[in-house]
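One structure is given below, encoded as structure tokens.
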Amino acid sequence: MASSEVLTSIPITSLPRISQGKVRDLFSLPDSGKPKLLFVTSDRISAYDVILKNGIPTKGAILTLISAKWFDALSSRVPGLKHHFLHLGPPPSSGLLAPDEEKLLRGRSMTVRRLKVFPIEAIVRGYVTGSAWAEYEKTQTIHGLPQPAGLARCQRLPQPIYTPSTKAELGDKDVNISPDEARKIVGDKYASRIEELALACYKAGAAYAEERGIIIADTKFEFGLDEETDEIYLVDEVLTPDSSRFWSKADYQVGREQDSFDKQVLRNWLTDNGLKGKPDVEMPPEVVEKTKARYTEVFERLTGNSLEEALSKLS
Ligand code: ATP
Ligand code: MG
């Protein structure tokens, strides 16, 4: 069974920690071949750009298992796709971690190739919402790209579009840019392939999720380069509720804002209590439970497996 502890920080000391993001900690793994990382997902949750004080139990495992599922599913659906995922958990029987550390990481970690991450967020949008809707309303463009007239809020776009942003340092805001600006950042040699892969992964993932009652309105991919072979890899987390906007297909209605499939309970509670955007907020147990149930439902719909069973298989 995966550790039932809620981890808002990752107390691992046996491996060198190379970075800490909003949700993940990365540790370097000693290896004789290509460099590898232990990619660890905490139970931290953010809403309105602020991390809550307490976490959501099993969220780290849910996000890890959803990403693992997508690496597998996308490999067979996107021709030529390479990805960083090697296997769940740390390298087996490596003795790198103390037994209690192994237990804490069970389910919430994966071994990945360490790559040079391109400094852009490869966002793909299938629907016009959020910052894209705000821009469209003003100028009929999205990330500077002209769009058809007469789109309504949250309407499905005629075709998914590639709308990159800069990848800001922790604490800073990402800035929406045009594909041409992204080309300048990553270089001509890689720009078109990144766009092509991002669109193909979104299309395959969105079609798959829609069959399971979830609309993926938009999502953010990251890509990395193996500098030795000059090959582009899909990295980071993939098509999770944290990196994407998930809506319920059954509740979707064009012309209005949609509820977030996973975070709406938390968002509503924050807004209703005047806590939106405030630091150090602690969620009450019912908000934690309801949010956990939502993440669990996403997992079960996307994978077709019970979360409990999936977690028990990890022991
Ligand atoms: P957020 O996702 O909330 O915007 P973040 O991306 O800064 O924040 P996390 O998702 O918590 O932070 O951490 C993941 C980090 O690991 C990202 O900076 C990502 O670019 C990096 N990363 C992902 N895959 C790889 C890889 N294969 N090699 C090296 N770095 C990677
Ligand atoms: Mg991230």
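Each ligand, and each atom within it, is numbered from 1 in the order the structure gives. If you read the sequence from its start, that first residue is 1, and numbering goes on from there. FYI, side chains are in, hydrogens and waters are out, and symmetry mates aren't considered; it's all heavy atoms of this structure.
Residue-to-ligand polar distances place Glu222 within reach of ligand 1: an N/O pair is separated by less than 3.5 Å.
Interface atoms of ligand 1 facing Val23, defined by a heavy-atom separation under 4.0 Å, are 11 (O). Near Arg114, with a cut-off below 4.0 Å to any heavy atom, the atoms of ligand 1 are 28 (N).
Comparing Arg113, Lys167, Gln20 by heavy-atom distance to atom 26 (C) of ligand 1, the nearest is Arg113. Of the candidates Asp226, Leu115, Val117, Leu63, Val117 brings a heavy atom nearest to atom 31 (C) of ligand 1.
Under a 3.5 Å cut-off, the side chain of Arg108 and the backbone N or O of Thr41 do form a donor-acceptor pair. Judged by distance alone, with hydrogens and angles left aside, the side-chain atoms of Glu309 form no donor-acceptor pair with the main-chain N or O of Ser306 at under 3.5 Å.
Judged by a 6.0 Å distance limit and a 45° cone about the ring axis, Arg245 is not positioned over the six-membered ring of Tyr127. Relative to the ring axis of Tyr208, Arg212 places its NZ or CZ within 45° and under 6.0 Å from the centre.
Using a 4.0 Å heavy-atom cutoff, Lys220 is listed among the residues neighbouring ligand 1. The shortest heavy-atom distance from Tyr233 to ligand 1 is not under 4.0 Å.
If you look at Leu26 next to ligand 1, the close heavy atoms, those under 4.0 Å, all belong to the side chain. Heavy atoms of Leu37 found under 4.0 angstrom from ligand 1 belong exclusively to the side chain. Counting heavy atoms under 4.0 Å from ligand 1, residue Arg24 touches it through both backbone and side chain.
In terms of protein heavy-atom proximity, atom 7 (O) of ligand 1 is nearest to Gly21 CA, 4.1 Å. Nearest protein heavy-atom contact of atom 23 (C) of ligand 1 is Asp236 OD1, 3.3 Å. The closest protein non-hydrogen atom to atom 4 (O) of ligand 1 is Lys22 NZ, 3.5 Å.
Of the charged side-chain nitrogens involved, at least one lies within less than 4.0 Å of a carboxylate oxygen, so that Asp226 and Lys34 count as a salt-bridged pair. Comment: Lys220 engages Asp236 in a salt bridge, judged by a side-chain N to carboxylate O separation of less than 4.0 angstrom.
Considering only heavy atoms from C-beta on, Thr291 stays 4.5 Å or farther from Asp262 through its side chain.
For the residue pair Glu237/Ser243, the side-chain donor-acceptor check at 3.5 Å is not satisfied. In the model, Tyr295 has a side-chain atom that pairs as donor or acceptor with a side-chain atom of Asp242 under 3.5 Å.
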